[in-house]
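Numbers here simply count residues along the sequence, with the first being 1.
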Amino acid sequence: MSKHRLRGRGRVDASQPVVFTFDGKPYTGLKGDTVASALLAHGVHLMGRSFKYHRPRGAIAAGSEEPNALIGTRRGPGRFEPNTRATVQEIWDGLETNSQNKFPSLKWDVGAVNDAAYMLFSAGFYYKTFMWPRSFWDKVYEPFIRAAAGLGVSPSEEDPDTYASRYLYCDLLIVGAGPAGIAAAREAAGKGLSVVLVDENSEMGGTLLSEPQSKIDGKSAWTWLEDELAALKEAGVKLMTRTTAIGYYHENMIGMVEKLTDHLPTLPADTPRERMWRVRAKQVVLAQGALEKPLVFHGNDRPGVMLAGSAQTYLHRYGVKVGESPVVVTSHDSAWYAAFDLQAAGAYVQAIVDTRPQVRQDLQAEARTRGIPVKLGHTVTATGGRLRINTVRVNPLNGTHVGNGQWIKCDALLMSGGWTPSLHLFSHTKGSLIWDDDLTTFLPKDTPEDCIITGASRGLWGVEAALKDGSVRVGEALSKLGVEATVSDYTVADDRVGTGVTMRELPTDRSAGKAKAFVDFQNDVTAKDLRLAVREGMRSIEHVKRYTTNGMATDQGKMSNINGLNIAADALGKKQPQVGLTTFRPPYTPTTFGAFAGYHRGDHFEVVRKTQIDGWAEENAAVFEPVGQWRRARYFPKAGETMDQAVARECAATRASVGIFDASTLGKIEVVGPDAAEFVNRMYTNPFMKLAPGKCRYGLLLGDDGYIRDDGVIARISDERFHVTTTTGGAARVLTMMEDYLQTEWPDLNVWLTSTTEQWSTVAVNGPNAAKLLQPFVKDFALTEDNFPHMSCVEVEVAGYPARLWRVSFTGEIGFEINVPAPYGRALWETLWDAGQAYDITAYGTETMHVLRAEKGYIIVGQDTDGTVTPYDAGMGWAVGTKKADFVGMRGLKRPDLVAKNRKQLVGLVTEDQSCLEEGAQIVLDPNQPIPMKMVGHVTSSYHQGTTDHPIALALVEGGHSKMGETVYIPMPDRTIAAKVTGTVFVDPENARLKI
């Protein structure tokens, strides 16, 4: 039995010992222990070091609000997690844990030198301290800051665990399974509703687990709890433990993370580590209880100083006595009960120090009966001890004046500044808060969501008050669900209720400027830091927060926000409501990336869309690349070929005879209706009103700002039907943009928009022999220059399949795109492939497509444009209908900056030394200018030899259209490359190859 373990106490299983390690040393705990409770059972209070000063720290709490006891946990390769709270991590045989933020060891940490130099690390030190000398920044200050930053060590191995995601719909979700939550669930159970009760802890009960003395309706608290949970389960209520509600989102959606295996010694097969629940509830009840406030005084962070309520939790839930000779300091009645419980468990409480001059007589009488010294109207001004508290300085108070103190020996100091309602989830709903002067805290007021808040979360103290409130308040939710509500009455004996006063920081007998009275324990923010922030001009509580980092720790201000607010308000000379509260943001507690990612990892990281022809490409050794969400064949190498060799072969074969390409991923939108032509005409820069059925036209789409957003070929199928294509990655974006304009700008137009991207498979054939290959498969239609000229379309039967046949080209060769219903795509491809063997047909991929189009100067939106390129910049003024009344972006194009001289314009580049440029490389006019050089543009596309006899590139260059024939320079790490500015068309500028 461990030194501080009490036999027969707690809810842990004494028959099942558990061995784990902390910093390499083995410790024995019991099943049901957390790392913190097991270490405390061995008298180990030192569990970590603080972030900024590297001060020794121990567990101050017993739950998820813990800011100090952060540890790393490991269960083998890849299964390492930093910054885990020792207060919530359950132990199991073989668990490896280690302390953080120390070197070389936890007891002897060289980083503690920061504590001695604390005057350099005052509020906002990162804005002030490292400013001089400037030359020190790169080699001294920045490396030092980077090395010191962070708490735990980031995992470096691949995580072998899996993470799951599920959706849940219910009538009533109750968050928090303390007395109020259980009472609410009992009223809702058995009424034909789907009810879910969740709690972040390993077992339900809330405050009942640490206050077993209560008797509810004649039953002991733990017996009543067991019976109620069994009844709830029998009634069909879904009970979820180890499940944290991390965020409350719009329309009553709550994000929850369920831990499934972190407490198990052996991992079950095919079981995820965590599961993310996305819950949509008709009604939500928040019963999250309250958090105990620490007191702010010099040395309040020393190991062995902890919250009084947490000491009760360790005693009653885990059977651990946190000290043999503790002192209690408080401004609230609740800490007196902690002193009584510890004294009853065999500890010798050295004193109860209460800042109030008057306290309830029954509490004083109980203390006298138990032989506990009481010091009313006293305060604590300091603590002593290097790695654990061993003395505390107690001083009498006369108002705010501190008298001479005395040192009291102790091995633990239990503090309580009262309780703060847990309002994080409520605040996520954008619910409003109201200040309560009596309780000196914010309470919930109104929320736009279907949400009820009950129990200590709204400022009610005591088990009986929580039970009754849960029973009554859930009635509001049940009424909204159309269920008749009932109210149960509860009688609680030995209930513990109380009041207290709020202290900003305890008066001190030392210089306030040198007192290390901590408010935010993890970030080492002191009361003097907050007051300094106000003196230096911070007036908003949000500014104070960011200047001092108070409340920015991983506990999200659970322990520090109210104390910080009270101190800042006092420094500003304002009431707390005038200063306000910082914003609570999800997640409620730190959450793993794995839980958020869920199934999205490895091959499942992103949805992979495949065309009907993808299987053929895979069977024929294609190398793939992601394009948007699509998997596309990049090139088809033969044995021993590099990508450059394969692409050069595909380019040459396509220009020499015929190439075949899967273009199914192009976005496709059907625009139908009497006003279809007017709609397309307004959306695109080109004129479309007079485009005849059976014809195609290139379309350029701009944003309101006049910049290119997308492009594609648009075919007029009939008077009232257009088949619009978009870039592969722009399909959804273009459809959304169209819908936006149709619904908000032009609701008078009679038009319907339908995404048909996956309805059609599209096979493109290009090259001099393309028409010869295709003609035998086209039923009763001649593919001649006169009958079917370039930029024509027809609905016809191809190879026995209904098709929309277009004569278009993105290669500069004779080209056709055959659109057939998607299921026929592969069959059509294989038919053309077999027939094409007579013409040495070659399958080509996206890389070859890029080269062929670049040789013709055709742009790729998003590669040769960067969101600031106009049609004129791209040399595509011909695509702008100058006689059109209006189109999207027309006014944007007239802005002064968009018609200014020397804008970046698209040009071609040919290097003098025949080297291939790097895409993204910067361009200068004078390579000999001093650094920093003036950059005048960058390379947008660059390719090795395709069917030209030299590499080619496209680039955006300032005033590029006026620089034809001039030389520009591309500085690289090892050399500077000279390149000649040319036009963007490198092959067949007369377009002679487009004719049959």
Undergrad: Are the side chains of R57 and F518 in touch, meaning some heavy atoms are under 4.5 Å apart?
TA: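 Answer yes - side chains close enough.
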Undergrad: Between V320 and S37, what is the shortest heavy-atom contact and its length?
TA: CG2-O, 3.6 Å
Undergrad: Less than 4.5 Å apart, any side-chain heavy atom of P268 and any of T261?
TA: yes
Undergrad: Check whether the side chains of R360 and T499 place a donor and an acceptor atom closer than 3.5 Å, and report yes or no.
TA: no
Undergrad: Atom CD in E65, atom CD in Q556: separation rounded to 0.5 Å?
TA: 14.0 Å
Undergrad: Cut-off 3.5 Å, side chains only: do T447 and T429 have a donor facing an acceptor?
TA: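 Judged by distance alone, the side chains do pair up.
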Undergrad: Between T592 and R273, is there a side-chain heavy-atom distance shorter than 4.5 Å?
TA: yes
Undergrad: Would you compute the distance between atom CG of D446 and atom CZ of F426 and round it to the nearest 0.5 angstrom?
TA: 7.0 Å
Undergrad: Would you check if R9 and H316 make a side-chain contact, meaning some heavy-atom pair closer than 4.5 Å?
TA: yes
Undergrad: Just how far is it from atom OG1 of T87 to atom CG of L39, taken to the nearest 0.5 Å?
TA: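 Those atoms lie 11.5 Å apart.
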Undergrad: Any side-chain to backbone donor/acceptor pair from T549 onto M552? Under 3.5 Å, distance only.
TA: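 It does not hold such a pair.
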Undergrad: For D438, what residues pass the salt bridge (charged side-chain N to carboxylate O under 4.0 Å, His left out) criterion, not counting sequence neighbours?
TA: none
Undergrad: Looking only at atom types and distance, does a side-chain atom of S479 sit under 3.5 Å from a main-chain N or O of G475, one as donor and one as acceptor?
TA: yes
Undergrad: Quick one: do I562 and T502 satisfy side chain to side chain contact (heavy atoms under 4.5 Å, CB included)? Show the steps, please.
TA: CA-CA 10 Å; I562 285 295; T502 294; 5.6 Å; no
Undergrad: May I ask you to decide if V12's main-chain N or O and D33's side chain share a donor-acceptor pair within less than 3.5 Å?
TA: no
Undergrad: Between D362, D354, T330, which is the residue that forms a side chain to side chain donor-acceptor pair (under 3.5 Å) with W336?
TA: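 The single option meeting the side chain to side chain donor-acceptor pair (under 3.5 Å) with W336 is D354.
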Undergrad: Checking the side chain of D217 only, and the main-chain atoms of T491 only, is there a donor and an acceptor separated by less than 3.5 Å?
TA: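 Indeed, once roles are kept as given, a pair shorter than 3.5 Å links the two residues.
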Undergrad: With distance as the sole test, does E66 use its side chain to make a donor-acceptor pair with the main-chain N or O of V88 at under 3.5 Å?
TA: no
Undergrad: Quick check: are there more than 12 heavy atoms from other residues, nucleotides or ligands sitting under 6.0 Å from NZ of K219?
TA: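 Check passes, neighbour count above 12.
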Undergrad: Run the side chain to side chain contact (heavy atoms under 4.5 Å, CB included) test on V544 and N550 for me, step by step, so that the C-alpha distance in whole Å, both residues' side-chain angles and the decisive distance to 0.1 Å come before the verdict.
TA: CA-CA 8 Å; V544 171; N550 186 68; 5.9 Å; no
Undergrad: Would you say V35 and T73 make side-chain contact, with heavy atoms under 4.5 Å?
TA: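 No; the side chains remain at least 4.5 Å from each other.
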Undergrad: Any salt bridge between K545 and D520, counting N to O under 4.0 Å?
TA: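 Answer for the salt bridge query: no.
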Undergrad: Flag the pair K575 and D437 as a salt bridge only when some basic side-chain nitrogen lies within less than 4.0 angstrom of an acidic carboxylate oxygen.
TA: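 Salt bridge: yes.
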Undergrad: Side chain to side chain contact (heavy atoms under 4.5 Å, CB included), that's the test. Do S165 and Y599 meet it? Break it down for me.
TA: CA-CA 7 Å; S165 300; Y599 299 111; 4.2 Å; yes
Undergrad: Is it the case that the side chains of R317 and T34 hold a donor-acceptor pair, with the cut-off being a distance below 3.5 Å and no angle test?
TA: no
Undergrad: Should the heavy atoms of other residues, nucleotides or ligands under 6.0 Å from CD of E226 be counted, would the total exceed 12?
TA: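 12 or below, so no.
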Undergrad: Restricting to non-hydrogen atoms, name the atom on N252 and the atom on V284 that form the minimum distance, rounded to 0.1 Å.
TA: ND2-CG2, 3.6 Å
Undergrad: For S331 and L295, work out which heavy atoms get closest and say how close.
TA: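 Looking at all heavy atoms of both residues, the shortest contact is OG-CD2, 4.0 Å.
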Undergrad: Verify whether one side chain among W277 and T243 offers a donor that lies under 3.5 Å from an acceptor in the other.
TA: no
Undergrad: Carefully, step by step, assess M204 and T241 under the rule side chain to side chain contact (heavy atoms under 4.5 Å, CB included).
TA: CA-CA 7 Å; M204 295 182 170; T241 56; 3.8 Å; yes
Undergrad: With sequence neighbours excluded, give me every salt bridge (Lys or Arg N to Asp or Glu O under 4.0 Å) pair touching residues 167-193.
TA: D171-K282, R186-E228
Undergrad: Please report the shortest heavy-atom distance between A185 and L197, naming the atom on each side.
TA: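 Here A185 and L197 meet closest at CB-CD2, 4.3 Å.
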Undergrad: Applying side chain to side chain contact (heavy atoms under 4.5 Å, CB included) between L70 and each of T554, T84, D555, report the one that passes.
TA: T554
Undergrad: For the residue pair F584 and H424, does the interplanar ring angle fall in the parallel (under 30°), tilted (30 to 60°) or perpendicular (over 60°) class?
TA: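 If you compare the ring of F584 with that of H424, the planes turn out tilted.
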Undergrad: Hey, could you give me the CZ/CG distance between R473 and L286, rounded to the nearest 0.5 Å?
TA: 10.5 Å
Undergrad: R5 side chain to Y318 main-chain N or O, any donor-acceptor pair under 3.5 Å?
TA: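 The answer is yes, because a donor-acceptor pair under 3.5 Å joins these two groups.
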Undergrad: Do S214 and E211 meet the criterion of a side-chain donor-acceptor pair at a distance under 3.5 Å?
TA: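 The answer is no; no qualifying pair exists.
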Undergrad: If I take atom CG from residue N566 and atom NZ from residue K293, how far apart are they, to the nearest 0.5 angstrom?
TA: 6.0 Å
Undergrad: Within 45 degrees of the axis of the six-membered ring of F340 and under 6.0 Å from its centre: does R496 put its NZ or CZ there?
TA: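 The answer is no; the distance or angle limit is not met.
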Undergrad: Enter the distance from I541:CD1 to N561:CG here, rounded to the nearest 0.5 Å.
TA: 8.0 Å
Undergrad: Does a side-chain heavy-atom distance below 4.5 Å link I246 with M276?
TA: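 They are in contact (side-chain heavy atoms under 4.5 Å apart), so the answer is yes.
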Undergrad: Would D161 and R75 count as a salt bridge (charged side-chain N to carboxylate O under 4.0 Å, His left out) if you check the C-alpha gap in whole Å, the side-chain angles of each, and the deciding distance to 0.1 Å?
TA: CA-CA 11 Å; D161 286 317; R75 70 155 82 224; over 6 Å; no
Undergrad: Examine distances only and state if a side-chain atom of T591 and a backbone atom of T589 form a donor-acceptor pair shorter than 3.5 Å.
TA: yes
Undergrad: So do F442 and L565 actually touch side chain to side chain, heavy atoms under 4.5 Å?
TA: yes
Undergrad: Would you kindly say whether E200 and S64 are connected by a side-chain donor-acceptor distance under 3.5 Å?
TA: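 Per modelled atom types, E200 and S64 side chains form a pair under 3.5 Å.
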Undergrad: If we ignore hydrogens and angles and just use 3.5 Å, is the side chain of W92 paired with the main-chain N or O of F20 as donor and acceptor?
TA: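 No; zero donor-acceptor contacts below 3.5 Å.
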Undergrad: Would the distance check show the side chain of D199 and the main-chain N or O of A177 forming a donor-acceptor pair, the cut-off being under 3.5 Å?
TA: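 Checked: pair present.
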Undergrad: Quick check on K430: does its NZ atom have over 12 non-hydrogen neighbours (other residues, nucleotides or ligands) under 6.0 Å away?
TA: no
Undergrad: Looking only at side chains, do S310 and E292 share a donor and an acceptor under 3.5 Å apart?
TA: no
Undergrad: Is a donor on one side and an acceptor on the other found under 3.5 Å between the side chain of Q100 and the backbone of N83?
TA: yes
Undergrad: Give me each pair satisfying salt bridge (Lys or Arg N to Asp or Glu O under 4.0 Å) with a member in residues 248-259, each pair once, sequence neighbours excluded.
TA: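 Only E258-R275, K259-D262, K259-E274 qualify under salt bridge (Lys or Arg N to Asp or Glu O under 4.0 Å).
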Undergrad: Would K558 and Y588 count as a cation-pi pair here, with the cationic atom under 6.0 angstrom from the ring centre and within 45° of the axis?
TA: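 That pair qualifies as a cation-pi contact.
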Undergrad: Do you know the tightest heavy-atom contact between A189 and V237?
TA: CB-CG2, 3.8 Å
Undergrad: Measure across A61 and L307 and return the closest heavy-atom pair with its distance rounded to 0.1 Å.
TA: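 Here A61 and L307 meet closest at CB-CD1, 4.2 Å.
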Undergrad: Should P326 and L342 count as side-chain neighbours, where that means a heavy-atom distance under 4.5 Å?
TA: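 Contact flag for P326/L342 side chains = yes.
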